[in-house]
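The next block holds one structure in the form of structure tokens; read it before the comments.
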Protein chains: 2
Amino acid sequence: MAATMHDVSRLAGVSVKTVSNVVNDYPYVREETRRRVLDAIATLGYTPNPTARSLRSGRSNVIALMIPDLRNAYFAELADSVMRVAAGHGLSVLIEQFGADRERELEVLRRPRSQLVDGVLYSVLALDQDDVDIVAGITVPVVLLGERIFNGPRDHVTMRNGEGARAATEHLLGLGRRRVVALGAHPGEEIGSAALRLAGYREALAAAGVPADDELVVPVGSWHRRDGADAMRGLLARGVDFDGVVAFNDVLALGALRVLQEAGLRVPEDVAVIGFDDIDETQYSMPALSTIDPGREEIARTAVELLVRRIEGGPAPFTPEEVFVPYRLIPRESTRITAG
Amino acid sequence: MAATMHDVSRLAGVSVKTVSNVVNDYPYVREETRRRVLDAIATLGYTPNPTARSLRSGRSNVIALMIPDLRNAYFAELADSVMRVAAGHGLSVLIEQFGADRERELEVLRRPRSQLVDGVLYSVLALDQDDVDIVAGITVPVVLLGERIFNGPRDHVTMRNGEGARAATEHLLGLGRRRVVALGAHPGEEIGSAALRLAGYREALAAAGVPADDELVVPVGSWHRRDGADAMRGLLARGVDFDGVVAFNDVLALGALRVLQEAGLRVPEDVAVIGFDDIDETQYSMPALSTIDPGREEIARTAVELLVRRIEGGPAPFTPEEVFVPYRLIPRESTRITAG
DNA sequence: ATGAAAGCGCTAACAC
DNA sequence: GTGTTAGCGCTTTCAT
């Protein structure tokens, strides 16, 4: 089995404390002693047991990232960013998915796994009161990514969803579009991203004096590519008249894009389309997709840093921080202004 | 702070052993005792400390998944599948990325983090002798996903990469294409997926009596969308004549697809394109992308199960298993047979 | 059926 | 500078 600190101390002829000192770069160790210890470590192939270290120190240097679904490119890219930033802080990342499988979600949270991690980054699209209770039961620091879900304040890092959706909608209105679809509404929801984006969309219409039409607000089950495609198929089947689409995320937009083109509609000439997230694919789709860049990198960086502060600050009283990361509208071919 | 087993035992008026018995569903506990303990657990909100449990039992119920890059949809989808299967075995998944950042890769592996996990699923595209040494240094069970990288045998789960590439190439040849590009070669490599896929491509040409042309073998730095786009741009700029593309993964194909269409070439009429991986996006691209489905779900399931067996089987001598998962060719629009 | 006690491998007082 | 020792919270013989 793996060598322990005792094995090393015995071989080096020193105490475990000295080995620990060397391993942890404690400065006051005689050079010669250090050498002897390092030699012993090398010959034994010793590597500290992180579990024991963790039990003793109360820190595991692992954080959890809880996301709905890695198959959605936005979350995969977010996870990538989070992991890179975390690595810079010496942290590993345990990813837990919160898919449609509610049982799994509850199981994940009820399990004591959350004590194995030093902190949690929790990214939710939409959730109900149950989730709130569960989150409240987590004893380690939690930073929310995306929309805040509690009524009370809570650390969270997000973009201004409402403003972003408003900007996207105004972008289409600025092109002269007047029948703009909002794709991706979550009817029951009041406080998540979908609700905020829908509100932003409505604000833009109102500000421009364009009449709102409920027929143009398209609900979807979830924010996957398939949902975007299905919703667009339904819209076309119902014969709804529209000349623009604000999709609440990129994969919804891309699913819709495909269906629009199958139906022989030209994008952006007949229908201009804009998404949300700025996933890698949007630069390469046909046509390239205009989108709102939510500042994913900065969200990840800020959130990890905030979490690290909380972890290191201990359970002392604190004021929750609400950080809004700047977003950018990225116009591409799917809303390119044309002569038409 | 969180309640411990001792707190529970005190409140319930029993010993810690009894609490442990109840927590671990040890059958021989008097019903009344069990009740008292469960009550105490409930009032204290006790939840076992996984770190202590792990130190004692030597098991953490966490496995690591080491992948090149979560931003590649294939790996995100693979991670998703792995996490679902792992959840079924009560395992959480720690994802470590092996991007282009070699420093990070080495750091990840050198760190003792690998002792925090019970096993490792290691998915590599291509790697050199250094990696072999590092992997050899991991003390927990390792199952390789994708191509085997050692000369000696080693547990691994993969598809038959050569056969898959050959089938893809034959599919294009069957359409009458004779100038078929192999997109995604990794020149130096001898043993990874790229090498095997290239060999399969060459076999197909040879079997069909179609002359091989080195100009049609296109190397790329990595297998990202951008690389596919850049490589295709280069190919067009060099004026190379071709009527088909076998891309070694889907995102390469999708990047190329974009550039082909930008250049005014029709897919599949002028150039037929087929990829590898069957990522979700391929069903929705314009045109929908033909691809090789490597059996991702089954790879994930098989690999996790194999790893679990190794973990439970202990370090006893064993015969490494090499599991080949069946692949399927999925024809879509990008190779749809047309009148032309 | 339950309790006492050892110890997993490490860190951190506290001595010297 | 370095050694001794007491736990971190749990599981697990070994008793009873």
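Order of the sequence lines sets the chain letters (A, B, ...), proteins ahead of strands, with each chain counted from 1.
A/Arg30 has no side-chain polar atom (N or O) that falls below the 4.0 Å cut-off from OP1 or OP2 of D/dG1. Between C/dC8 and A/Asn49, no contact under 4.0 Å exists linking OP1 or OP2 to a side-chain N or O. For the OP1/OP2 pair of C/dT2 and a distance below 4.0 Å, the side-chain nitrogens and oxygens of B/Thr18 include no atom meeting the criterion. Phosphate proximity of D/dC10 to B/Tyr46: present, with a side-chain N or O under 4.0 Å from OP1 or OP2.
Counting heavy atoms from C-beta on, the side chains of A/Val14 and A/Thr33 come closer than 4.5 Å. For the pair B/Arg301/B/Ser81, no side-chain contact is recorded, criterion being any heavy-atom separation below 4.5 Å from C-beta on.
The OH-P distance, from B/Tyr26 to D/dT13, rounds to 11 Å in whole Å. Separating the CG atom of A/Asp25 from the C1' atom of C/dC10 is a distance of 16 Å, rounded to the nearest angstrom. The CG-P distance, from A/Leu55 to C/dT11, rounds to 11 Å in whole Å. Rounded to whole Å, the distance from CZ on B/Arg10 to C1' on C/dG3 is 15 Å. Here the C1' atom of nucleotide C/dC8 and the CE atom of A/Met5 are 14 Å apart, to the nearest Å. Going from atom NE2 of B/His6 over to atom C1' of C/dA5 covers 10 Å, rounded to whole Å. With rounding to whole Å, B/Asp7 atom CG is found 9 Å from D/dC10 atom P. Atom CD1 in B/Ile41 sits roughly 13 Å away from atom C1' in D/dC10 (whole-Å rounding).
Comparing D/dT4, C/dT11, D/dC10 by their closest approach to the side chain of A/Ser15 singles out D/dT4. Of the candidates C/dT2, C/dT11, D/dT11, the closest approach to any side-chain atom of A/Asn24 belongs to C/dT11. Nearest nucleotide to the side chain of B/Val29, out of C/dA12, D/dT2, C/dT2: C/dT2. Here the side chain of A/Asn21 is nearest to one of C/dC10, D/dC10, D/dT2, namely D/dT2. For A/Thr4, whose side chain is taken as the heavy atoms from C-beta onward, the closest listed nucleotide among D/dC10, C/dC10, C/dA5 is C/dC10.
In terms of position on DNA chain D, the residue among A/Ser57 and B/Lys17 whose nearest nucleotide sits closer to the 5' end is A/Ser57. The nearest heavy atom of DNA chain C to B/Arg34 and to B/Ala52 marks one nucleotide each, and the one closer to the 5' end goes with B/Arg34.
Between B/Glu305 and B/Arg309, no side-chain nitrogen of the basic residue sits less than 4.0 Å from a carboxylate oxygen of the acidic one, so the salt-bridge criterion is not met. Salt-bridge formation is not detected for the pair A/Arg35/A/Asp39: no Lys NZ or Arg NE/NH1/NH2 atom is positioned less than 4.0 Å from an Asp or Glu carboxylate oxygen. With respect to B/Glu32 and B/Arg36, a salt bridge is recorded, a charged nitrogen being found less than 4.0 Å from a carboxylate O.
Across all strands, A/Val14 comes closer than 4.0 Å only to sugar-phosphate atoms, never to a base (heavy-atom distances). Residue B/Thr33 is classed as a sugar-phosphate contact, given heavy-atom separations below 4.0 Å to backbone atoms only.
With hydrogens and angles left out, the side chain of B/Arg56 and the base of D/dG9 share no donor-acceptor pair within 3.5 Å.
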Walk me through it: do B/Thr4 and B/His6 pass the test side-chain hydrogen bond (donor to acceptor under 3.5 Å, both in side chains)?
CA-CA 5 Å; B/Thr4 78; B/His6 271 96; 4.5 Å; no
